[in-house]
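Here's the structure we're looking at; comments come further down.
First the proteins, then the strands, lettered A, B, ... as listed; each starts at 1. What you are looking at is a predicted structure, and each value in this text was computed from that prediction instead of being measured.
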Protein chains: 2
Amino acid sequence: MATNPSSTVVRAWARLVKAQQFAQGAIESRLKAARLPPLAWYDALLELERPGTCGLRPFELERALLLSQCNLSRLIDRLENAGYAGRRVYEQDGRGQVVVITAAGKSIRRRMWAVYGPAIQGALGAHLTPHQAAVLDELLGAMVAKSTAHQGRRAPLVAEPAPLHVRPAAGSTNSPTAQRRRLRPASRRAARRPS
Amino acid sequence: MATNPSSTVVRAWARLVKAQQFAQGAIESRLKAARLPPLAWYDALLELERPGTCGLRPFELERALLLSQCNLSRLIDRLENAGYAGRRVYEQDGRGQVVVITAAGKSIRRRMWAVYGPAIQGALGAHLTPHQAAVLDELLGAMVAKSTAHQGRRAPLVAEPAPLHVRPAAGSTNSPTAQRRRLRPASRRAARRPS
DNA sequence: TTCAAATACATGCAACTGCAACCAATTGGA
DNA sequence: TCCAATTGGTTGCAGTTGCATGTATTTGAA
């Protein structure tokens, strides 16, 4: 376990970092140029839209997004201030919450995908043949799976990144079952339009 | 160019992000546990140690490390405050500087590698066969090369991540040719031990 | 029943990042 | 020669992250 990596593994690691930084930089700057929210918002909104309309507990989002608890809490703040998500009390456990996506959240996610999708293609897809993409996908998938299973000290991580990106998401915007029992501190930061 | 990516490419992208985050998190936390500086310091010190003892201009480091200029300036501040690097005036151009690594910098880089190397192996190498590692390395290398060549609007990026990691680095710590003409503002932030 | 431990989430603080603005030296015409 | 444009680097500010801590609720065992 404490052995040194081969030079191939080291080079692969260096390139993994560079490739990710490069692609993320390009994507992030395209979103910014379109005056859209950052990537992290998209990921969160996508997760929230995924499981029907029931919403997600913050700690579930935390694992799905690989975020620390405190940062997730503040990300939800921002989404809430922007009107893209809302907090509901979790009836079965007074400590807990359920985070739900709003209609505006669904809308902005779709608008982001219109930029995000082509940006992925430009940063990754354009440089790979379909076969290369499949091989890369397989290798990285195996790595992620082993990482989460093996040394999964932080969190189990979401099982699959999953390709879902545009979906009807049948159901009403607000869950009628959540009765809004008022959330605890509620001393949230002042709202700021993401403009 | 504005086309949508295949679902395979999207999944590969999602996994690229997860794999990188996971590995980086694991590595970073191992360094922290060993009370060593963060990864970014290592990368910078490695670049500084690479080209003989002549040092590097900040804008060269900027491209090598994929950092913005303002952030690099502050990273150099931190390295300087920690005693791991120094600024020298660039005689041929009064605006410019040359950043050089100190003996302490070389020493800490080696101590970091003792943790960093095994951490790479644990986060990446342990999950890949040698053949898989070679394939991943190839694919990512091609991607990085195409990215930098194609839409290289930010910077040319370093040609090769290069495996060099433990090296004699023959030469004195301080270049005897730099005459220390005093650097401009010099109103640096107060030194803080990285401890 | 009661209370310590665990869980779910929030927040103060320091550090780090990106953006925009800035200053100084150099270059390149007119 | 002179001055506008460019290049090299720094800094103020606002926003984001990590760490440690705090608070409310629930669980579990005596």
Contacts of [X] that satisfy side-chain contact (heavy atoms from CB on, under 4.5 Å) - sequence neighbours left out:
| X | answer |
| --- | --- |
| B/E28 | B/Q24, B/L31, B/P38, B/L39 |
| B/E138 | none |
| A/S6 | A/T8, A/V9 |
| A/R111 | A/L36, A/I108 |

- Message: Could you check whether A/E49 pairs with A/R110 (Lys NZ or Arg NE/NH1/NH2 to Asp/Glu carboxylate O, under 4.0 Å)?
- Response: yes
- Query: Would you call B/E80 and B/R87 a salt bridge, taking side-chain N to carboxylate O under 4.0 Å as the test?
  - Reply: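 Salt bridge: yes.
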Quiz question: going by heavy-atom distance under 3.5 Å, is there a donor-acceptor pair between the base of [N] and the side chain of [X]?
| X | N | answer |
| --- | --- | --- |
| A/R74 | C/dG12 | yes |
| A/R78 | D/dG15 | no |
| B/R87 | D/dG9 | no |

- Counting only side-chain N and O atoms of A/Q69, is one of them less than 4.0 Å from OP1 or OP2 of C/dT7? no
- Quickly work out the A/L75 CG to D/dT17 C1' distance and round it to whole Å.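 Taking CG of A/L75 and C1' of D/dT17, I get 12 Å after rounding.
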- Message: Using whole Å, what does the distance between atom C1' of nucleotide C/dT11 and atom CD of A/E80 come to?
- Response: 16 Å
For nucleotides 3-6 of chain D, print each protein N/O atom paired with a nucleotide N/O atom at under 3.5 Å, atom names and distance only.
none

